[in-house]
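To start, the structure itself, in structure tokens.
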Amino acid sequence: MIDAFFYGTLMHPKILQRVIGNDGSHLRICPAVIKDFTRHQIKGADYPAIVPYSLSRSLFDHDLDEDQKSVRGSLISGLTDEDVRLLNVFEGDEYTWEVVVAYPLGPLISLCDVPPANTMGSLIPTTVASRGLEPERRMNAHTYVWCKSTSELGPDPWTFEDFVQQNAWKWVGAGSEGNTDYAEVDRRREMEGIIVRS
């Protein structure tokens with residue numbers, strides 16, 4: 001079983017379930033944070049990217065503090081090899097699957113017990129005190145790190161809250177039926193993850 005840290009659209013349980021093609025009842029989730037990365041809006045996309053701060057520093061006009069150099073997201077435990085294969089196809093060739101150190105911020109619970117996304121704010125803290133990152137709780141997890149040019153990223157942060165309010169309707173429920181975002185997901189599956197931007 002594989003542990004992963006998700007920081008974008010895959011924090012939404014219904015999107016994760018759609019991508020892996022099952023209900024995720026074998027998965028457990030908790031809020032988590034990784035340090036020394038920054039999360040960015042990808043120009044022209046609903047989803048974000050993370051890059052090490054050493055690479056993203058040039059996108060900012062000032063040095064970031066520790067909290068600003070931390071990415072909050074979800075730690076998922078229990079992914080199968082098939083889940084990861086489907087996730088890799090979904091993420092495509094814009095990202096590399098890398099191991100990072102994640103700091104869990106709560107207990108792991110069943111994915112099936114996660115509240116609806118519009119009430120998930122309590123699961124994804126907006127700030128994290130450094131003292132709350134207990135070294136004994138850290139664990140290795142895989143995540144998707146942006147491998148394309150940082151020129152495709154904006155300096156503005158991507159937030160899960162904004163995604164849920166403004167764009168999640170295109171990814172879940174009736175709004176997702178036949179929409180171009182999932183058509184792209186399905187196209188990526190057919191192309192085994194090769195991304196071709198128009």
Side-chain angles (χ1 to χ4, degrees), residues 2-13 15-16 28-77 79 87 91-92 94-109 114-168 171:
I2 299 160
D3 299 326
F5 175 80
F6 296 138
Y7 56 84
T9 57
L10 290 171
M11 289 193 299
H12 195 300
I15 296 173
L16 176 59
R28 295 169 44 115
I29 184 174
C30 74
V33 66
I34 60 173
K35 296 169 33 173
D36 299 316
F37 280 84
T38 54
R39 176 174 39 203
H40 303 267
Q41 180 72 45
I42 298 171
K43 295 174 182 175
D46 290 340
Y47 52 89
I50 61 167
V51 289
Y53 180 60
S54 59
L55 296 177
S56 67
R57 171 65 187 90
S58 63
L59 296 173
F60 303 99
D61 60 3
H62 63 282
D63 287 329
L64 301 184
D65 64 29
E66 289 303 312
D67 190 58
Q68 293 169 321
K69 293 188 293 188
S70 299
V71 176
R72 286 148 296 287
S74 298
L75 181 66
I76 301 289
S77 182
L79 291 164
L87 288 162
E91 294 294 344
E94 295 178 312
Y95 301 89
T96 55
W97 182 236
E98 298 182 18
V99 176
V100 295
V101 175
Y103 294 84
L105 300 175
L108 288 162
I109 62 171
V114 173
N118 60 348
T119 62
M120 285 181 66
S122 62
L123 290 181
I124 314 296
T126 55
T127 61
V128 177
S130 294
R131 66 184 176 279
L133 304 181
E134 303 164 14
E136 64 275 5
R137 293 200 63 214
R138 70 182 177 202
M139 59 188 288
N140 289 337
H142 288 84
T143 197
Y144 291 99
V145 177
W146 182 252
C147 64
K148 303 293 184 181
S149 171
T150 57
S151 67
E152 296 182 44
L153 307 176
D156 296 330
W158 181 97
T159 68
F160 184 70
E161 295 79 13
D162 287 346
F163 171 75
V164 168
Q165 292 174 1
Q166 299 168 16
N167 294 307
W171 293 80

Check: Y103 side chain, K35 main-chain N or O, donor-acceptor pair, under 3.5 Å: no
Test item: Q41 side-chain N/O and A45 main-chain N/O as donor-acceptor pair under 3.5 Å: yes
Test log, rule side chain to side chain contact (heavy atoms under 4.5 Å, CB included), inputs L16 and L87: CA-CA 9 Å; L16 176 59; L87 288 162; 4.0 Å; yes
N140 vs V101 side-chain heavy atoms within contact, under 4.5 Å: yes
Minimum side-chain heavy-atom gap L75-M139 below 4.5 Å: yes
Sub-4.5 Å side-chain heavy-atom contact between L79 and H142: no
Geometric class of the F60/Y53 ring pair [parallel <30°, tilted 30-60°, perpendicular >60°]: tilted
Parallel, tilted or perpendicular: rings of Y47 and Y95 (30°, 60°): tilted
Side-chain heavy atoms of K148 within contact of E94, under 4.5 Å: yes
Main-chain N/O of E98 paired to T96 side chain as donor or acceptor, under 3.5 Å: no
Contact check, side chains of F160 and T9, non-hydrogen atoms, under 4.5 Å: no
R28 side chain to I109 backbone, donor-acceptor under 3.5 Å: no
Non-hydrogen side-chain atoms of I42 and W146 separated by less than 4.5 Å: yes
Contact summary for P104 and C30, nearest pair of heavy atoms: CB-SG, 3.9 Å
Flag, side chain of Q166 to backbone of F163, donor-acceptor distance under 3.5 Å: no
Check against side chain to side chain contact (heavy atoms under 4.5 Å, CB included), T38 and I50: CA-CA 5 Å; T38 54; I50 61 167; over 6 Å; no
Heavy-atom pair of closest approach, residues A168 and H12: CB-CD2, 4.3 Å
Gap separating the OG atom of S54 from the NZ atom of K69, nearest 0.5 angstrom: 10.5 Å
Heavy-atom pair of closest approach, residues Q68 and D63: OE1-O, 4.5 Å
Donor-acceptor pair, side chain of R39 and main chain of S70, under 3.5 angstrom: no
Where V71 and F5 come nearest, the two heavy atoms and their spacing: O-CZ, 3.4 Å
Reported OG1-to-CZ distance for the pair T150 and R57, which is rounded to 0.5 angstrom: 12.5 Å
Side-chain heavy atoms of I34 within contact of Y7, under 4.5 Å: no
Close side-chain approach of V145 and P52, heavy atoms under 4.5 Å: yes
Sidechain-backbone polar pair: H40 side chain, G154 backbone, donor-acceptor under 3.5 Å: yes
Donor-acceptor contact present, side-chain T159 to main-chain D162, <3.5 Å: yes
Chi angles and distances behind the side chain to side chain contact (heavy atoms under 4.5 Å, CB included) call for D3, I76: CA-CA 6 Å; D3 299 326; I76 301 289; over 6 Å; no
Separation of L55 CG from S149 OG (nearest 0.5 Å): 10.5 Å
Pairwise distance CE(M11) to CD1(I29) - rounded to 0.5 angstrom: 9.0 Å
